[in-house]
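So you know, we letter chains A, B, ... as the sequences are listed, proteins then strands, and number each from 1. These values consider heavy atoms only, across backbone and side chains, with no hydrogens, waters or symmetry-generated copies.
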Amino acid sequence: MSVAPAVMNTASTALPTAEQHGIKEHSDGRFGFVPVQTRSERFKSFEVADFGPVTGREAVWKLSPVSRFTDLTSGELDGTPYDVSWEPASGIDVAWVPRDDARVGSAGAPEERAAANAWTAFEKALAITVSGEEPKEFTLTRALLGAAARGAHVLIEAKPFSQAVVILENVGDARLSENVEIILGESANLTVVSLQEWDDTAVHLANHFASVGRDARLKHVVVSLGGSIVRVNPSIHLVGAGSDIEALGLYFADAGQHLEQQVYINHDAPHSRSRVTYKGALQGDGARTVWIGDVLIGPKAAGTDSYEQNRNLVLTEGTRADSIPNLEIETGDILGAGHASATGRFDDEQLFYLQSRGIPEEEARRLVVRGFLTEIVQKIGLPILEERLQGAIEAELRGSDGE
Amino acid sequence: MSVLEIKDLHVTVETDQGVKQILRGVDLVINEDEIHAIMGPNGSGKSTLAYTIAGHPKYHVESGSILLDGAEVLTMTVDERARAGLFLAMQYPVEIPGVTVTNFLRTAKTAIDGEAPAIRGWVKDVRESMSNLRMDKAFAERNVNEGFSGGEKKRNEILQLELLKPRFAVLDETDSGLDVDALKIVSEGVNRAKAETGLGIVLITHYTRILRYIKPDFVHVFVNGRIAEQGGHELADRLEDEGYDRYLEGTNVG
């Protein structure tokens, strides 16, 4: 676990350069290698061949079990369209669009090999286009992806002034690397929920790239409960003045499960606002979670208001939670920027206390975990999901008791 | 008539230095509606007695028994003991993140009664008890003990005592860390609970000052893991004047 540098809060004129910090090429045998110093300068490419083989030492991979999904980082991926199901809704258009669709590549570009591999492989993108100012809810289900390695591309576009909730529901088995581009036009109001309730065998590597336009509001939710390895990395570009992101995450790792999320918020316009809240529970031997939260407040982002936090609740021995908040600030003229991270144990004294008030052990555990995770369920604020998520949390608690 | 009997209780605890004998043959009989003060120097085993009655896993009973109306308490789990009518007000109550006081109280009450309390009466009871203990309404929505001051934690313990209505309660150093106003409020709560339900009380304390507000029927002096002397309220007065020195000759209380 690490804690990032503290907040710079005074209005400063000139920022120190890397050279002033002594971060520059040395003449003494470092072979000209200078590590990337700012999040925005990481290497990006749409071409898988531009990335070297994954070793597990890369910043973006160092906390992931890379040996368990070499097929997704270096194998050939099936990029053909797959089975999806949805209930039609007014103002929501769903179509498979060709690679030369103008929206492809407009929200971001891969920063690692699995994402580039998917980008290179996909034949058609699944495009969900939202129009119309009236509120609406839409769920798209992927249940039949199967165990063959697949590369996919999803586009979600919210036209200017449109409003919707889009739920991507993922169940069944999968070995999937995908890129999801989320494009919000001016003043659009969009909620995207990526719900991972995969089978125990599934491996899912996803990069979400969002571009949030002027005065647009995105609520981005990652719920990861099922799957062997689930890694969903949202990268949110606040590109329009007054743009707003609320990024929420809820995860529950059982024995042997790896759940990861690397959240990147790029404040790139004045008066943008971000709130990142991820909460997770870990239970069982080898349960593993990773949360990395990068916030960059760029030189154009005067008046930024930003806060990110991650909380983990450790229920048993033998688990590991990594929680790494990072904050980079390139302008002094901001409203606020803060971060918090805490990983706590549900310990025997808490159990004793609750039991000493008559509450049986299992119910005591449920009470604590439900209480801890409910904050996120409530923030998601969708009645259609609330009961389902509460039920899923209960099932997680019950299911892993016997493991 | 309910009775809690402790018979020849021997208890050890595992420490870094190995197994340590703490209780060395405790005998105590508490009838309902009685208040027994257990007083003694630090390290004499008072808290061990409290936690052993409640069933904390850290303490191992080597021999002896604890009977609640004839039923063996030692074979019950922690929650079974609470449902049988035992209550421990803790010296250092732990924080429970993510669980509000309201939710916690309702869950505990439901567990102990075997059915959910009728909403309207329950809400009124909680509100009344909180107001009696001078607890702000906002407490109900805070997480249990999270960010509570020492005095607030103790009041929260007594709130539970009043609402859960046990037959016997052990109050472990409930007076420690309380200023005189808080001590009065907490003592009034204990007296109110006793007046209402006639519960039996084991009042564990190092100092005599809480005995000004809660009048014990019996005083037991606890030294080196057993009861060294017992008497009525006059014994407390004597301890107030003389302290524990006369019990401590030749013993090492650490």
Pairing residues for B:D113 by the salt bridge (charged side-chain N to carboxylate O under 4.0 Å, His left out) criterion, not counting sequence neighbours
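Here the qualifying residues are B:K109.
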Do the side chains of B:Q160 and A:S356 get nearer than 4.5 Å, heavy atoms only?
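They are not in side-chain contact.
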Which of the residues [options] is involved in the greatest number of heavy-atom pairs with chain A at under 4.5 angstrom?
| options | result |
| --- | --- |
| B:N103, B:I112, B:T107, B:L86 | B:T107 |
| B:A84, B:A111, B:P57 | B:A111 |
| B:V144, B:L88, B:L105 | B:L88 |

Taking every non-hydrogen atom, the tightest pair across [X] and [Y]:
| X | Y | result |
| --- | --- | --- |
| A:F352 | B:G55 | CE1-C, 3.9 Å |
| B:R83 | A:P360 | NH1-CG, 3.7 Å |
| A:Q350 | B:E95 | NE2-O, 3.1 Å |

What part of [X] lies closer than 4.5 angstrom to a heavy atom of chain A: side chain, backbone, both or neither?
| X | value |
| --- | --- |
| B:P93 | both |
| B:N145 | side chain |
| B:E80 | neither |

Heavy-atom count around [X] [atom1] within 6.0 Å, excluding the residue itself: above 12?
| X | atom1 | answer |
| --- | --- | --- |
| B:E14 | CD | no |
| A:R217 | CZ | no |
| B:E72 | CD | yes |

Distance (rounded to the nearest 0.5 Å) between A:E363 CD and B:T110 OG1
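The distance works out to 8.0 Å.
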How long is the span from the CG atom in B:L161 to the CZ atom in A:R357, to the nearest 0.5 Å?
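These two atoms lie 9.0 Å from each other.
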Which label fits A:Y353 and B:F104: parallel for a plane angle under 30°, tilted from 30 to 60°, or perpendicular past 60°?
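Rings of A:Y353 and B:F104: parallel, as their planes differ by under 30°.
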Side chain, backbone, both or neither: which part of A:E375 has a non-hydrogen atom closer than 4.5 Å to chain B?
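For A:E375, there is no contact with chain B at all, as no heavy atom is under 4.5 Å.
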Give the C-alpha distance, both sets of side-chain angles, the deciding distance and a yes or no for side chain to side chain contact (heavy atoms under 4.5 Å, CB included) between A:E349 and B:H56.
CA-CA 9 Å; A:E349 292 302 323; B:H56 194 289; 2.9 Å; yes
Identify the residue among B:D79, B:I96, B:V94, B:V78 that makes a side-chain contact (heavy atoms from CB on, under 4.5 Å) with A:L354.
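In the set B:D79, B:I96, B:V94, B:V78, the residue that makes a side-chain contact (heavy atoms from CB on, under 4.5 Å) with A:L354 is B:I96.
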